[in-house]
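Inspection log for the structure reproduced underneath, given as structure tokens.
Values in this document were obtained by computation on a predicted structure and should not be read as measured data.
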Amino acid sequence: QVQLVESGGGLVPAGGSLRLSCAASGRTFSSYAMGWFRQAPGKEREFVSAINWTGRRTYYADSVKGRFTISRDNAKNTMYLQMNGLKPDDTDVYYCAASPTAGGSSLVRGSLYDYWGQGTQVTVSS
């Protein structure tokens, strides 16, 4: 069982930066692939980024590539999402998720993640 808690969301102007954190409980964090997803009310959940259990392989949606950076610190049971060059279209609730089984390109599929956080709101003003 893994519990995930996101933090770091907020209101920023377009072009600004935020760093999201996802703190995980449990001793098996380092064995899970992790991902970030986002969702606005009435819209489908969207893949943002993912990282494998070692942290050596990362994946990004085309819409955030070059602006967002995912990372993890297994010693601290924490994953991060550094978001630079934020745009109003990035406004969403951001969720972190953990998967004990997914790997490679399948990490873009939210259905393969077993554990989810409660979400943190990111609002980018124009």
Side-chain angles (χ1 to χ4, degrees):
Q1 189 79 8
V2 175
Q3 292 186 328
L4 304 173
V5 179
E6 303 96 336
S7 61
L11 172 64
V12 294
S17 298
L18 282 174
R19 188 193 197 202
L20 304 184
S21 297
C22 174
S25 65
R27 294 175 293 175
T28 57
F29 172 79
S30 61
S31 65
Y32 287 81
M34 301 292 296
W36 287 99
F37 292 78
R38 62 188 184 187
Q39 188 171 22
K43 289 189 173 182
E44 291 190 1
R45 183 176 57 201
E46 177 186 16
F47 168 77
V48 176
S49 183
I51 189 167
N52 78 332
W53 69 277
T54 66
R56 294 195 185 109
R57 304 201 75 143
T58 58
Y59 306 84
Y60 297 94
D62 288 343
S63 59
V64 307
K65 204 171 291 183
R67 300 188 296 124
F68 291 10
T69 302
I70 192 172
S71 62
R72 67 190 295 165
D73 185 337
N74 287 343
K76 295 183 178 179
N77 280 13
T78 303
M79 174 180 66
Y80 306 96
L81 185 68
Q82 178 67 44
M83 305 188 295
N84 299 328
L86 283 162
K87 305 174 182 179
D89 283 350
D90 294 318
T91 295
D92 266 321
V93 177
Y94 284 69
Y95 299 89
C96 69
S99 174
T101 57
S105 59
S106 69
L107 286 170
V108 305
R109 296 167 55 189
S111 60
L112 296 183
Y113 290 78
D114 292 346
Y115 306 103
W116 293 82
Q118 83 290 347
T120 185
Q121 176 71 47
V122 171
T123 303
V124 184
S125 62
S126 56

Distance-only, no hydrogens or angles: does the Thr28 side chain make a donor-acceptor pair with backbone N or O of Ser31 under 3.5 Å? no
Looking at CG of Asn84 and OG1 of Thr69, how far apart are the two atoms once the value is rounded to the nearest 0.5 Å? 6.5 Å
Where do Leu86 and Met83 come nearest, in terms of heavy atoms and distance? CD2-CB, 3.9 Å
Exercise answer: donor-acceptor pairs, residues 118-126 side-chain atoms, under 3.5 Å, sequence neighbours excluded:
| residue | atom | partner | partner atom | Å |
| --- | --- | --- | --- | --- |
| Gln118 | NE2 | Glu6 | O | 3.4 |
| Gln118 | NE2 | Glu6 | OE1 | 3.4 |
| Thr120 | OG1 | Gly9 | N | 3.2 |
| Gln121 | NE2 | Asp92 | O | 3.4 |
| Gln121 | NE2 | Thr123 | OG1 | 3.3 |
| Ser125 | OG | Val12 | O | 3.4 |

So, for Arg72 and Ser30, which heavy atoms are closest and what is the spacing to 0.1 Å? NH2-CA, 4.0 Å
Heavy atoms of Leu112 and Ser99 approach each other most closely as O-OG, 2.8 Å
For Gly35 and Met79 the tightest heavy-atom approach is O-CE, 3.5 Å
Please tell me if the side chains of Asp90 and Arg38 come closer than 4.5 Å, counting only heavy atoms from C-beta onward. yes
Establish whether Tyr95 and Leu18 are linked, either directly or via other cluster members, by ILVMFWY side-chain heavy-atom contacts under 4.5 Å. no
So which pairs with a foot in residues 2-115 pass disulfide (SG to SG under 2.5 Å), sequence neighbours left out? Cys22-Cys96
So, does Asn52 use its side chain to make a donor-acceptor pair with the main chain of Arg57 at under 3.5 Å? yes
Any ring pair (Phe, Tyr, Trp, His ring centres under 6.0 Å) involving residues 33-90? Give me the pairs, sequence neighbours left out, ordered by first then second residue. Phe37-Phe47, Phe37-Tyr113, Phe37-Trp116
Check this for me, if you would: do Lys65 and Asp62 make a salt bridge, where the nitrogen-to-carboxylate-oxygen distance has to be below 4.0 angstrom? yes
Does either side chain, that of Asp73 or that of Thr78, offer a donor lying less than 3.5 Å from an acceptor on the other one? no
Calculate, to the nearest 0.5 Å, the distance between atoms OG and CZ belonging to Ser49 and Arg67 respectively. 12.0 Å
Check whether any side-chain heavy atom of Leu20 lies under 4.5 Å from a side-chain heavy atom of Ser7, and answer yes or no. no
Which atoms form the tightest heavy-atom contact between Ala33 and Ala102, and what is the distance? CB-O, 3.8 Å
Quick one: pull up OG1 in Thr101 and CG in Asp114 and give me the separation to the nearest 0.5 Å. 6.0 Å
Co-membership, hydrophobic cluster, residues Leu107 and Tyr94, 4.5 Å side-chain: no
Are Leu81 and Val64 linked, directly or through intermediate hydrophobic residues, by side-chain heavy-atom contacts shorter than 4.5 Å (ILVMFWY only)? yes
For the residue pair Ser25 and Val2, what are the closest heavy atoms and their distance? O-CG1, 3.7 Å
Which one of Gln3, Gln1, Met34 satisfies the side-chain contact (heavy atoms from CB on, under 4.5 Å) criterion with Tyr115? Gln1
